[in-house]
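A short write-up of the structure that comes next.
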Number of protein chains: 2
Amino acid sequence: MDYQRYATTLKAMSDPSRLQIIDMLSCGSLCACDILPHFKFSQPTLSHRMKILQEAGIISTTKKGKWHYYALNDEFISNFNQSAQTLFDDGPNCACHQGCVS
Amino acid sequence: MDYQRYATTLKAMSDPSRLQIIDMLSCGSLCACDILPHFKFSQPTLSHRMKILQEAGIISTTKKGKWHYYALNDEFISNFNQSAQTLFDDGPNCACHQGCVS
DNA sequence: TCCTTAGATAGATGAACGTCAATATAATTT
DNA sequence: AAATTATATTGACGTTCATCTATCTAAGGA
């Protein structure tokens with residue numbers, strides 16, 4: 001499995017407010033102006049955070065008029081669940097397949 | 001859901017080598033001296049990383065003679081999977097339950 | 001055209017993180 | 001007891017990260 005790629009995804013998620021944003025997006029898309037009032041940080045900080053989520057492949061942006069709508073990527077969720085399963089199941093990188101006695 | 005707690009877990013996981021260590025432990029326990037040769041970093045760095053994983057509740061340590069054995073915590077895996085499901089499913093913090101139109 | 005609103009970008013600053021060399025501790029072996 | 005092996009701790013240093021203020025762009029409305 002691609003540890004680097006999965007680590008990048010996890011790092012983008014590893015923040016309480018980014019998790020809350022993901023939770024908020026789990027039933028539909030929202031624009032930044034809907035998200036911002038739920039948090040204490042500034043607008044540039046939200047913009048920065050959304051960029052992190054986007055670069056990690058977690059969300060996508062679509063533009064409508066002057067609003068930018070953010071939505072969770074479906075592949076993100078399925079990739080995430082699959083990576084978790086691969087990680088926790090016995091696999092080729094698992095210790096017991098490399099000659100170690102556990 | 002407890003975003004802070006879940007974020008702490010994800011942050012501890014959000015590193016390629018720590019993911020690889022979790023993968024190695026997914027079928028049994030290992031001591032540090034079994035893990036270290038798989039990586040390029042030094043022994044103190046491994047010790048530091050194991051402490052991060054332990055403080056996040058991901059692994060537990062048991063001492064046998066001069067060896068410290070590390071093992072994944074069962075609750076970690078079940079908590080992780082449950083948190084993921086809670087996050088991605090519609091829930092009370094989801095946008096559509098807070099008066100936003102998506 | 002000017003003003004307002006939504007959002008992004010730039011640059012600065014302080015905090016957190018990863019790493020290593022050196023050293024400490026603890027168990028084992030000789 | 002002295003040497004060795006396994007691991008942890010300390011302290012330092014450089015890097016990355018989160019945040020802010022200020023500014024910029026783009027779209028809409030007066």
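In this text the structure is predicted, and so the values were computed from the model without any measurement.
Partners of A/S42 under the side-chain contact (heavy atoms from CB on, under 4.5 Å) rule, at least two apart in sequence or in another chain, are A/P44, A/T45. Evaluation of the side-chain hydrogen bond (donor to acceptor under 3.5 Å, both in side chains) rule for A/N73 yields A/S60 as partners, not counting sequence neighbours. Shown here are the side-chain hydrogen bond (donor to acceptor under 3.5 Å, both in side chains) partners of B/S17, two or more places apart in sequence or in another chain: B/D15, B/R49. Qualifying side-chain contact (heavy atoms from CB on, under 4.5 Å) partners for A/T61, counting only residues two or more places apart in sequence or in other chains: A/Q54, A/H68, A/Y70. Looking at residues two or more places apart in sequence or on another chain, you find no side-chain hydrogen bond (donor to acceptor under 3.5 Å, both in side chains) involving B/T86. Taking B/F88 as the reference, A/F76, A/F80 meet the ring pair (Phe, Tyr, Trp, His ring centres under 6.0 Å) condition, with sequence neighbours excluded. With sequence neighbours excluded, the residues satisfying side-chain contact (heavy atoms from CB on, under 4.5 Å) with A/T8 are A/Q4.
Between A/L10 and B/L19, the closest side-chain pair of non-hydrogen atoms falls below 4.5 Å. Between A/D34 and A/M24, the closest side-chain pair of non-hydrogen atoms is not below 4.5 Å.
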Set out, line by line, the N/O atom pairs under 3.5 Å between protein and nucleotides 16-18 of chain D.
| residue | atom | partner | partner atom | Å |
| --- | --- | --- | --- | --- |
| D/dC17 | OP1 | A/K11 | NZ | 3.2 |
| D/dA18 | OP1 | A/R18 | NH1 | 3.3 |
| D/dA18 | OP1 | A/R18 | NH2 | 3.1 |
| D/dA18 | O3' | A/R49 | NH2 | 3.4 |

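Atom C1' of nucleotide C/dT5 and atom CG of A/L46 are separated by 15 Å, given to the nearest angstrom. Between B/H68 atom NE2 and D/dT9 atom P the separation is 9 Å, expressed in whole Å. The distance from atom CZ of A/F39 to atom C1' of D/dT19 is 15 Å, rounded to the nearest whole Å. Rounded to whole angstrom, the span from the CE atom of B/M50 across to the P atom of D/dA6 amounts to 16 Å. Per the geometry, CZ belonging to B/F41 stands 18 Å off C1' belonging to D/dT15, to the nearest Å. Remark: P of D/dA6 and CG of B/L36 are 10 Å apart, rounded to the nearest angstrom. Spacing between atom CD1 of A/I35 and atom P of C/dA8 amounts to 10 Å, rounded to whole angstrom units.
Between B/Y69 and D/dT7 there is no side-chain N or O to OP1 or OP2 distance below 4.0 Å. The phosphate of C/dA6 (OP1 or OP2) has no side-chain N or O of A/Y70 nearer than 4.0 angstrom. Within the structure, every side-chain polar atom (N or O) of A/S47 is placed at least 4.0 Å from both OP1 and OP2 of C/dG7.
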**Q.** nucleotides 23-30 of chain C: protein proximity per nucleotide (B base, S sugar-phosphate only, - neither; heavy atom, under 4.0 Å)
**A.** ---SSS--
